[in-house]
Amino acid sequence: MKAITFVTQKGGSGKSTLCISLAVAAQEAGQSVCILEMDRQATVTDWAEHRRADTPEVAQIDATQLDDVMARLRDSDFDYVFIDTPGVDSPGSLAAIRAADLCVIPCRPTPADLRAFKPTLAAIYRLEKKFAFVLNQTPPRSYRVRDAADGLAVLGVLPDVNIVTRNDHQDALGMGQGVTEFNPTGQAATEIRRLWTWIAKRSQGLLHVKAA
Ligand SMILES: Nc1ncnc2c1ncn2[C@@H]1O[C@H](COP(=O)(O)OP(=O)(O)OP(=O)(O)O)[C@@H](O)[C@H]1O
Ligand SMILES: [Mg+2]
C-alpha cells in the first residue's frame, strides 16, 4: 500500500479536485483506493455524498486519528490511500506529510501560488519525503506556464503533463464523479489519466529523478 498526500497551504490550488479525479482514474486503472479527508471543509465527503458508486471509500478523520488509521490500512487490501489536507498550515497537514510515500503539491501558475508552497516544501524536505509538483488550473499554453514549469522543474519533480483549467473538473465534482467518468473522451480526462500514470510510477519508485 502506498500513501499519497495532497498538500499545500495555498487554498484553492486543486488538492481536493486532483485527489478525487486521480482516485477515480486509479480505480479505472485497476487499483483499489480509499481517501482520508483531513479538511473540515469536507469537499471530498460532500462529493462522495453526491456519488452513486460506493468506491472510493471516503473517511473523514483528524490528525489525532491518522496514525491508527494508517496502521490499520497498511494491513488492508487497498493499493493506495489518498490523503486530502486543508489549505492552511495545521498539525493535520504535517501528520499527513509524515504518513506519505509521495506528497503531491498542486500549484497554479501564479506568483502567489509559487510563493505559498515554500513552507510545505520545507516540511517535506525536513521529513525527507518524496514529492511532486502538479501545475493545475493552467491556461492551455502561455509563457507564464512555461516559466512556472521551468522554476518548479529546478526545485524538484514535475510530471510531463499540466492540468489545464477546464469546466469538466467543476462539473464532474458537482455530479459526484471524477473527470474520467464525467467526460471519458474529454481533454481533462486525458490529462488526468496521464497524470495518474506518472504519479503511480513516481510513488512506486519507477521513475529515475534527481530530487528527493
Ligand atoms: N483544473 C481545473 N479546472 C477548473 N477548475 C478547477 C481545476 N482545479 C480546481 N478547480 C476549481 O478550483 C476550486 C478550488 O479547487 P479545490 O477545492 O480542489 O482546491 P483545494 O486546494 O482543495 O482548496 P482548499 O485549500 O480550500 O481545500 C474548485 O472550485 C475547483 O472546482
Ligand atoms: Mg480542498
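Since this is a predicted model, take the numbers as computed values, not measurements. Atoms within a ligand are numbered from 1 in the order they appear, just like the ligands themselves.
For Thr43, no nitrogen or oxygen atom sits less than 3.5 Å from a nitrogen or oxygen atom of ligand 1, counting backbone and side chain alike. Considering both main-chain and side-chain atoms, Gly12 comes within under 3.5 Å of ligand 1 through a nitrogen or oxygen pair. The shortest N or O to N or O distance between Thr85 and ligand 1 is not under 3.5 Å.
For atom 9 (C) of ligand 1, the closest non-hydrogen atom on the protein side is Gln137 NE2, 3.3 Å. Among all non-hydrogen protein atoms, the one lying nearest atom 19 (O) of ligand 1 is Gly14 N, 3.1 Å. Scanning the protein heavy atoms around atom 25 (O) of ligand 1, the nearest turns out to be Lys15 NZ, 2.8 Å. Among all non-hydrogen protein atoms, the one lying nearest atom 1 (N) of ligand 1 is Asn136 OD1, 2.9 Å. For atom 3 (N) of ligand 1, the closest heavy atom belonging to the protein is Arg166 N, 3.0 Å.
Within the 2.8 Å limit, Thr85 places no N, O or S atom next to the Mg ion (ligand 2).
For the pairing with Arg51, the side-chain contact (heavy atoms from CB on, under 4.5 Å) check across Leu173, Asp46, Val24 returns one residue only, Val24.
Of the candidates Thr17, Asn167, Thr8, Asp84, the one placing a heavy atom closest to atom 28 (C) of ligand 1 is Thr17. Looking at Gln170, Gln9, His169 and measuring to atom 5 (N) of ligand 1, the nearest heavy atom belongs to Gln170.
Judged by distance alone, with hydrogens and angles left aside, the side-chain atoms of Thr5 form no donor-acceptor pair with the main-chain N or O of Ile83 at under 3.5 Å.
Between Arg144 and Asp150, none of the side-chain N atoms (NZ, or NE/NH1/NH2) sits under 4.0 Å from a carboxylate O, so this pair counts as no salt bridge.
Summarising the local packing, CD of Gln204 is surrounded by more than 12 heavy atoms from other residues, nucleotides or ligands at distances under 6.0 Å.
Side-chain atoms of Glu37 and Thr45 form a donor-acceptor pair, as typed in the model, at a separation below 3.5 Å. Using a 3.5 Å distance cut-off with no hydrogens or angles, the side chains of Asp79 and Ser32 do pair a donor with an acceptor. Between the side chains of Asp84 and Ser16, a donor-acceptor pair is found at a separation under 3.5 Å.
Looking at heavy atoms from C-beta onward, Gln187 lies out of side-chain contact with Val164 at the 4.5 angstrom threshold. In this structure, the side chains of Val58 and Cys34 stay at 4.5 Å or more apart for every pair of heavy atoms.
There is no protein heavy atom closer than 4.0 angstrom to atom 13 (C) of ligand 1.
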Would you check, one step at a time, whether the test ring-ring contact (aromatic ring centres under 6.0 Å, His included) holds for Phe82 with Trp196? CA-CA 12 Å; Phe82 286 11; Trp196 171 246; 5.8 Å; yes
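Hydrophobic clustering (side-chain heavy atoms under 4.5 Å, transitive across Ile, Leu, Val, Met, Phe, Trp, Tyr) keeps Ile105 apart from Val81.
Atoms of ligand 1 found under 4.0 Å from any heavy atom of Ile163, numbered from 1 in the order shown, are 1 (N). Less than 4.0 angstrom separates some heavy atom of Gly87 from each of these atoms of ligand 1: 25 (O). Close contacts between ligand 1 and Asp39 involve ligand atoms 27 (O) [criterion: under 4.0 Å to a heavy atom]. Atoms of ligand 1 found under 4.0 Å from any heavy atom of Gln41 (numbered from 1 in listed order, with element): 24 (P), 26 (O), 27 (O).
Under 4.0 Å from ligand 1, the heavy atoms of Val164 that appear belong solely to its backbone.
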